[in-house]
Structure formats: structure tokens, C-alpha cells
Amino acid sequence: MTKTADKTAEIIENAEVPTEVTDQFRAVAEKGVEQSKEALSKLATGAEATQKALESSIETAKTASNELSLKTIAALRANADASFSHLEALVAVKSPSEFIELQTAFLRKQVEKTVEQGKEFQAAATKAAEDVSKPIKDVYEKALKDLKVA
């Protein structure tokens, strides 16, 4: 045999080195598999939490939309009632000065009412936006906190 063949035969006979390498490789592979399982578990948990948060947000958006619609209908009804009452009052007017007085008072009340309704809608829309985004925001903050811990 040649010198190279003799050395190879000697390495094979002293098989401790390959066994150690195999054991180390197996340990690294097992650790990688375990880490992959943990990551997959965290991903599944995160996906489930996100799904629940989205469902909650959609339900909240539906409720908020209904509330805003009802507020809009109530405001339109109030404005229509005020307009009809004003028209009835205008029919009974006896002089141009009375007409101007009624018209001025009505316009002032309508402007004040419109400003008040605008503030109410703004407050309701702001609250609705906060309520709709809260579940998603909570899940996002929890995910960031979990990432910082890991």
C-alpha cells in the first residue's frame, strides 16, 4: 500500500474523531430543530392573537359605524324638523322686518347647531377610531415586548 492509503486506514481505525464530529453535528441539528419548533409555536400563537384582534376590530368597526349612522340620522331629522318649523313660522309672517328677524334667528340657531353636531361627530369618530385600532395596537405592542424579551 501507499503512504496515503496507510494514513487513511489509520484514521479509519481510530474512529473516535469522526464519532465526536457526528455527535456534535447531531447535537447542533437537534438544537436547530428545537429552535425551529419554538419559533413555529410562537408564530402560530402570534397569528392566532392577530386573527382574534382583527375580528374584534371588525366587530368594533361595525358597531361604531352603526352608532355614527344613527347619530347622522338623528342630526338630519333634527335639522329637517327645525327647517319645517321655520317654514311654518315664515308662513305666518306679517311684515318684512318680522321675516328678517325670524330668518336671522333661524340661521344663527342652525349655525350653532351645526357646530355642536360637528363637535359631537368628531368626538364620536375619534372614539370609534381609537376603539377599532385598540385590539391591533395591543397585539402589536405585545409582539414588540415579546421580541425584546427574546
Side-chain angles (χ1 to χ4, degrees), residues 8 11-12 14-150:
T8 304
I11 290 173
I12 292 173
N14 298 328
E16 290 181 24
V17 173
T19 302
E20 289 175 15
V21 171
T22 304
D23 290 343
Q24 288 175 351
F25 180 76
R26 183 177 300 134
V28 169
E30 288 174 356
K31 184 176 180 183
V33 168
E34 188 61 35
Q35 288 175 341
S36 295
K37 285 180 182 180
E38 287 177 24
L40 183 60
S41 174
K42 286 180 182 179
L43 181 65
T45 302
E48 189 176 306
T50 301
Q51 179 185 2
K52 287 179 182 178
L54 285 172
E55 289 173 355
S56 176
S57 287
I58 290 169
E59 192 60 38
T60 303
K62 182 179 170 186
T63 302
S65 175
N66 288 341
E67 289 175 7
L68 287 173
S69 294
L70 291 173
K71 278 188 178 288
T72 300
I73 291 169
L76 290 173
R77 182 174 286 139
N79 291 341
D81 288 345
S83 294
F84 284 124
S85 294
H86 176 64
L87 285 175
E88 288 174 347
L90 287 178
V91 170
V93 167
K94 299 204 183 345
S95 69
S97 61
E98 187 180 352
F99 174 83
I100 292 172
E101 186 179 319
L102 273 175
Q103 191 67 17
T104 304
F106 174 74
L107 290 175
R108 187 176 327 116
K109 285 180 187 177
Q110 285 303 106
V111 168
E112 290 171 358
K113 189 185 294 186
T114 301
V115 169
E116 182 182 319
Q117 289 171 344
K119 288 178 182 178
E120 289 175 6
F121 284 126
Q122 182 181 12
T126 301
K127 183 182 180 310
E130 289 171 357
D131 291 348
V132 168
S133 64
K134 187 179 183 329
I136 300 294
K137 182 181 172 187
D138 291 346
V139 167
Y140 179 75
E141 288 174 353
K142 184 182 181 299
L144 281 179
K145 191 168 123 181
D146 290 348
L147 282 175
K148 287 180 181 177
V149 170

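Heavy-atom basis, side chains included; hydrogens, waters and symmetry copies ignored. Remember, it's a predicted structure, so these values are computed and weren't measured experimentally. Position 1 is the first residue of the sequence; numbering continues from there.
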Of all the heavy-atom pairs spanning A124 and L68, show the shortest one and how long it is.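 Minimum heavy-atom contact is CB-CD2, 3.5 Å.
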
Distance-minimising heavy-atom pair for A75 and Q117: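 So the minimum-distance heavy-atom pair works out to CB-NE2, 3.6 Å.
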
Answer yes or no: is there a donor N or O on one side and an acceptor on the other, between the side chain of S83 and the main chain of N79, under 3.5 Å?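 Checking the backbone N and O of N79 against the side chain of S83, a donor-acceptor pair under 3.5 Å is found.
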
With side-chain hydrogen bond (donor to acceptor under 3.5 Å, both in side chains) as the rule and sequence neighbours excluded, what pairs involving residues 58-73 come up? none

Quick check for you: to the nearest 0.5 Å, what is the distance between [X] atom [atom1] and [Y] atom [atom2]?
X    : Y    : atom1 : atom2 : value
T126 : F121 : OG1   : CZ    : 13.0 Å
L107 : Q103 : CG    : CD    : 5.0 Å
T114 : K119 : OG1   : NZ    : 12.0 Å

With [X] via side-chain contact (heavy atoms from CB on, under 4.5 Å) - residues at least two apart:
X    : answer
E48  : K52
A82  : F106, Q110, K113
Y140 : L144
I136 : A53, L54, S57

So that I can tick it off, tell me whether D81 and R77 are bridged by a salt bridge, with the cut-off set at under 4.0 angstrom between side-chain N and carboxylate O.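 Here R77 does not pair with D81 in a salt bridge, since their nearest N and O are not under 4.0 Å apart.
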
With S95 via side-chain hydrogen bond (donor to acceptor under 3.5 Å, both in side chains) - residues at least two apart: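 Result, side-chain hydrogen bond (donor to acceptor under 3.5 Å, both in side chains) vs S95: S97.
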
Given salt bridge (charged side-chain N to carboxylate O under 4.0 Å, His left out), test K134 with D138 step by step and report yes or no. CA-CA 6 Å; K134 187 179 183 329; D138 291 346; 2.9 Å; yes

Please determine whether the number of non-hydrogen atoms from other residues, nucleotides or ligands lying under 6.0 Å from atom CD of E101 exceeds 12.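 Not buried by this count: 12 neighbours or fewer within 6.0 Å.
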
